[in-house]
Each structure stands twice: as C-alpha cells, then as structure tokens.
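Each remark here refers to the structure printed beneath this line.
Just the heavy atoms: all of them, side chains too, but no hydrogens, waters or symmetry mates, feed the values below. Since the structure is predicted, the reported quantities are computational estimates derived from the model, not experimental observations.
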Amino acid sequence: MAMTQLEYARNGIITDKMKEAALAEGVSPEFIRAGIADGTIIICHNNKHHNGRPLAVGTGLRTKVNANIGTSADDTDITKELEKARVAVHHGADAIMDLSTGGPVDEIRRAIIAETNACIGSVPLYQAALDAVRTKKKAIVDMTVDDIFEGIIKHAEDGVDFITVHCGVTRATVERMKNEGRIMDVVSRGGAFTVEWMTYNNAENPLFEHFDRLLDIVKAYDMTLSLGDGFRPGCLADATDRAQIHELILLGELTQRAQDVGVQVMIEGPGHVPLNQIEANILLQKRLCHGAPFYVLGPLVTDIAPGYDHITCAIGGAIAAAAGADFLCYVTPSEHLRLPSVEDVREGVIASRIAAHAADIAKGVKGAMAKDIAMAKCRKKLDWEGQFEQALDPEKARRMRAESGVAEHGACTMCGEFCAYKVMDDAMEKQRTATR
C-alpha cells in the first residue's frame, strides 16, 4: 500500500501534492511537509479524486471556507445543487460538502464531484441510513455495523476527500448531556442518528467501538478524517457544557490514534457560541487535539437572527479564525428556515470569506494584507476598475456602482463633488503649487 501524505511527511519526503499546495499558499514545500508531519496541517485529497486539487488546511495557511449543499427529501433537484456548487466555487469556496438526503444521492454526489475541482466532503452516515431505509427496507435503528462501513467505502470509492464521522458520540457523552441538561439536546443530524441507534440497540457507537476499522478504510484512500461534533451546541445556552467538552476530549484521543497510523485529521467545532466564549473554545480544541486543524461551523453568536445568520456566522467566524481556527463552514441567510437557494449560497460564501480574510490579516498570514493595500491605493485614485478587481465580490460592486448613476466628477454618489479624496487632491495640489 502506498504511503499517506502524513507518512511521507514524517519520512521527510516532499510529494507533488505538497508542492502544489505550497504554490497555492505562497509558502515553501518544506513548510507544508513539516506542518503535515506534526499534524498541524493537512492536505485534503482522496487518491481517487482524479479531477480534484489538493487543499492544504492548517496553521500558518490562509483560512479556508466550506459551502454545504445537497438535496433534502422536500427538494431533490440535482440541477439546482450543481448550480450551487458552481456558484460556491466561483465566489471563492475552497470546499463543498454534499449533505444530500433526498433523491438519487449517489448520482447527486458523483455529479457534484465531477462538476468542480474543489475539495469535497460528506457525511457517509446519511448514506448508510438512506440505503438501509430505501434498499434494505429496514429502519435506521436496524442498520448493522457493516451497513455503516459500507456507506463509508462507497464515499471513499467516489473520491470524497474528507468525511465527517461522529466518533465522539458515545454512551458516556450522552449520559453527561442528560445529567447536565440542555435546551436543545443534539442538533447534529449525524449525532442524532447515532444517539437513536445506540439507544435502540443498547450498544456503543460503532464508529467509536470499531475506530481501527474506520482508520483502515480511510488510510487506504488517504482521505482526511473530519471528527464531527455531534454534541455541538444548537443554542447559546448550551455552549461549552460537559457534553461538548467530553466529546472534544474523546476526539483528542482519537486524533492521536489516527495520526499514529498515518491518517490525517481535522476537528469540527461548535455551532452556537456566545462571543466571549469563542476564543476559549479554540484554545481548548488546539490543546486537547494536539494542534490539529479546527473546522468551525459558524460559530453563530446569537440565536435570534433568522434570515441574517450569514452575518451572525461571519462575526463568530472572524473571531474564531483570528484565535486559530483554520477552516470556516459557511452559514447562509436561510439557516434554520429552509434549504438554501443559489443566491443564499452566494451570500453565505462571501460572508464567510470576509470573516476568513479579516482573520488572516489579524493572524499575519503571508500576503493577506496585500489586496487591502491595493484597494486603498485604487480608492485614493478613484480607480473604479481597480477597486472592482480587488473586491471579494466584483460583480456586486460593479453592479451597485452602475445602478447609482456615474457622475462626471468620478466620485461615488455618497459624497459626490465633495468627495474627501477629491478635496484632498485639490488641497495637496495647491500646497505643491505654493511651495514651488
């Protein structure tokens, strides 16, 4: 069996994937290799994802953005999901997670993988649950251990680069949740499936109990394990409680086991977190999980903004990434309300990209400030095309400028002829003339 990227890195070997990632990040291949070797950087790329590009995530690199798409039982339109994939990548998403639970999910997943060269993630437990219900004509709670692992293999074979697995959802963690009490219990879909299965079968989580079997599968494809947070808080009042932290402790132990056999790992982090608890959550994850890359779902900093949760997510994401989170999962305006539209996807991606970029400036990521400096110079000169080129969403900036009506004085319609740039230019020119 070929070595994984982690094994190559630990043997001092720089691979083509490391070189490609280094070029994309503007760092040296050795920087990537060293980070992979110590587990603080990962390269997400399944060996079977032939049209995909390696995505490096971790310490010292640009903060990445993921966009969730996928059908539901109420909306199974493949065409719409493919358009979402295109729009997400066009507007700068680094990865796409297919979370489809409705329609021909195998066909949808394979079509999304073929549609772009972006990194692809998934939750194979959804696949196992759907196959159990549709193909094997049994209830989700009647899934066998083999059923669950068959779903994982199916996604691995299709070329999925990282899989979310809720290995830290254990009977002990459920007890801690019950003992402390929560308003919203478990809001993770994969976590809820797992708790239901454990309760009905009076058995331990198969992905925890048979973790070595999972590692064998993942290692064969050099996929990345995204250790999911099944007990992530679904409201601010449930944040940073015993269940969440107990699960995180378990994920730290599983991270070490995975890395010991050459499997790359990232950790998923909390969803709804008060602003003043975000940094502590990041520090806990980094300490308990040996510096493994942190993939945060938001976090959302208030529960009362339905329709605007891309904004609550961007606020939390900026703080999380500035504190050390490496990968932001976007939230769209339709979170908690409906399956996102194509426009929702666009807004969600841009909002999270703003958060990621703001955090990269704070973290001092190489080159992060360059576009902001270029934008400032273009604004000073009233160079509108230059401003559009530097913008995170050039199309919207150009459209809004055009809609306002472009005056001969060249400034925007906010200040018009009294534009500060124009006033200052006139003042500085008079000063230069007076000193000649």
Sidechain-backbone polar pair: [X] side chain, [Y] backbone, donor-acceptor under 3.5 Å:
X      : Y      : value
Asp238 : Ile183 : yes
Asp94  : Val65  : yes
Thr173 : Val169 : no
Asp229 : Gln244 : no
Lys84  : Val345 : no
Gln264 : Cys44  : no
Asn201 : Val141 : yes
Asp142 : Lys138 : no
Asn11  : Ile13  : no
Lys136 : Val133 : no

Got a second to check how far [X]'s [atom1] is from [Y]'s [atom2], nearest 0.5 Å?
X      : Y      : atom1 : atom2 : answer
Leu225 : Phe162 : CG    : CZ    : 12.0 Å
Leu227 : Cys167 : CG    : SG    : 5.5 Å
Trp197 : Ile148 : CH2   : CD1   : 6.0 Å
Thr116 : Leu82  : OG1   : CG    : 10.0 Å
Arg242 : Glu180 : CZ    : CD    : 4.0 Å

If only side-chain N and O atoms count, and only distance matters, is there a donor-acceptor pair under 3.5 Å linking [Y] with [X]?
X      : Y      : result
Thr240 : Gln277 : yes
Glu268 : Ser226 : yes
Asp38  : Thr40  : yes
Asp344 : Ser334 : yes
His49  : Asn47  : no

Of all pairs that satisfy salt bridge (charged side-chain N to carboxylate O under 4.0 Å, His left out), the ones with a partner from residues 151-164, not counting sequence neighbours: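 Only Lys48-Glu157, Asp106-Lys154, Arg109-Asp158, Arg110-Asp158, Asp131-Lys154 qualify under salt bridge (charged side-chain N to carboxylate O under 4.0 Å, His left out).
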Under the salt bridge (charged side-chain N to carboxylate O under 4.0 Å, His left out) rule, what pairs show up with a residue in residues 320-336, not counting sequence neighbours?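 As it turns out, the salt bridge (charged side-chain N to carboxylate O under 4.0 Å, His left out) pairs with a partner in residues 320-336, which skip direct neighbours, are Lys286-Asp326.
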Please walk me through it: do Leu254 and Phe208 pass side chain to side chain contact (heavy atoms under 4.5 Å, CB included)? CA-CA 9 Å; Leu254 296 177; Phe208 178 76; 4.3 Å; yes
Does NZ or CZ of Arg401 lie under 6.0 Å from the centre of the six-membered ring of Phe388, at an angle within 45° of the ring axis?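 Geometry flag: not set, cation outside 6.0 Å or 45°.
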Got a sec, which pairs hit ring pair (Phe, Tyr, Trp, His ring centres under 6.0 Å) with one end in [range], sequence neighbours left out?
range            : answer
residues 282-302 : Tyr295-Phe327
residues 219-249 : none
residues 80-119  : none

Mind checking salt bridge (Lys or Arg N to Asp or Glu O under 4.0 Å) for Arg171 and listing every partner two or more places apart, or none if nothing turns up?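 In terms of salt bridge (Lys or Arg N to Asp or Glu O under 4.0 Å), with neighbours along the sequence ignored, Arg171 is linked to no residue.
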Sequence neighbours excluded - side chain to side chain donor-acceptor pair (under 3.5 Å) pairs with any residue from residues 350-361: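 Residue pairs with at least one partner in residues 350-361: Thr63-Asp360, His357-Asp372.
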Hey, mind stepping through Arg53 and Glu20 against salt bridge (Lys or Arg N to Asp or Glu O under 4.0 Å) and telling me if it holds? CA-CA 8 Å; Arg53 64 176 186 268; Glu20 186 175 343; over 6 Å; no
Arg257: what forms a side chain to side chain donor-acceptor pair (under 3.5 Å) with it, not counting sequence neighbours?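 Only Asp212 meet the side chain to side chain donor-acceptor pair (under 3.5 Å) criterion with Arg257.
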List the residues meeting side chain to side chain donor-acceptor pair (under 3.5 Å) with Asp98, not counting sequence neighbours, and say none if there are none.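 With neighbours one apart ignored, the set is Ser100.
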Apply salt bridge (Lys or Arg N to Asp or Glu O under 4.0 Å) to the pair Arg10 and Glu7, showing each step before the final yes or no. CA-CA 5 Å; Arg10 286 180 170 168; Glu7 289 173 321; over 6 Å; no
Is the [atom1] atom of [X] crowded by more than 12 outside heavy atoms at less than 6.0 Å?
X      : atom1 : value
Arg86  : CZ    : yes
Glu279 : CD    : no
Lys366 : NZ    : no

Could you walk me through whether Ser72 and Asp75 pass the side chain to side chain donor-acceptor pair (under 3.5 Å) test, one step at a time? CA-CA 5 Å; Ser72 72; Asp75 191 337; over 6 Å; no
Please enumerate all residues that pass ring-ring contact (aromatic ring centres under 6.0 Å, His included) together with [X], with sequence neighbours excluded.
X      : answer
His155 : none
His336 : His272
Tyr330 : none

Show, in sequence, the C-alpha distance, side-chain angles and deciding distance for Leu275 and Ile315, and conclude whether the side chain to side chain contact (heavy atoms under 4.5 Å, CB included) test is met. CA-CA 9 Å; Leu275 205 110; Ile315 294 168; 3.7 Å; yes
What's the verdict on side chain to side chain donor-acceptor pair (under 3.5 Å) for Gln5 and Thr15, showing C-alpha distance, side-chain angles and the deciding distance? CA-CA 8 Å; Gln5 293 298 305; Thr15 65; 2.6 Å; yes
With side-chain contact (heavy atoms from CB on, under 4.5 Å) as the test, pick out the partner of Cys313 among Thr332, Leu297, Val331.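 Among Thr332, Leu297, Val331, the one that satisfies the side-chain contact (heavy atoms from CB on, under 4.5 Å) with Cys313 is Val331.
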Carefully, step by step, assess Arg176 and Glu247 under the rule salt bridge (Lys or Arg N to Asp or Glu O under 4.0 Å). CA-CA 10 Å; Arg176 281 168 172 79; Glu247 180 182 34; over 6 Å; no
Using the salt bridge (Lys or Arg N to Asp or Glu O under 4.0 Å) rule, take Arg398 and Glu389 through it: C-alpha gap first, then chi angles, then the decisive distance, then the call. CA-CA 10 Å; Arg398 184 175 277 106; Glu389 288 174 12; over 6 Å; no
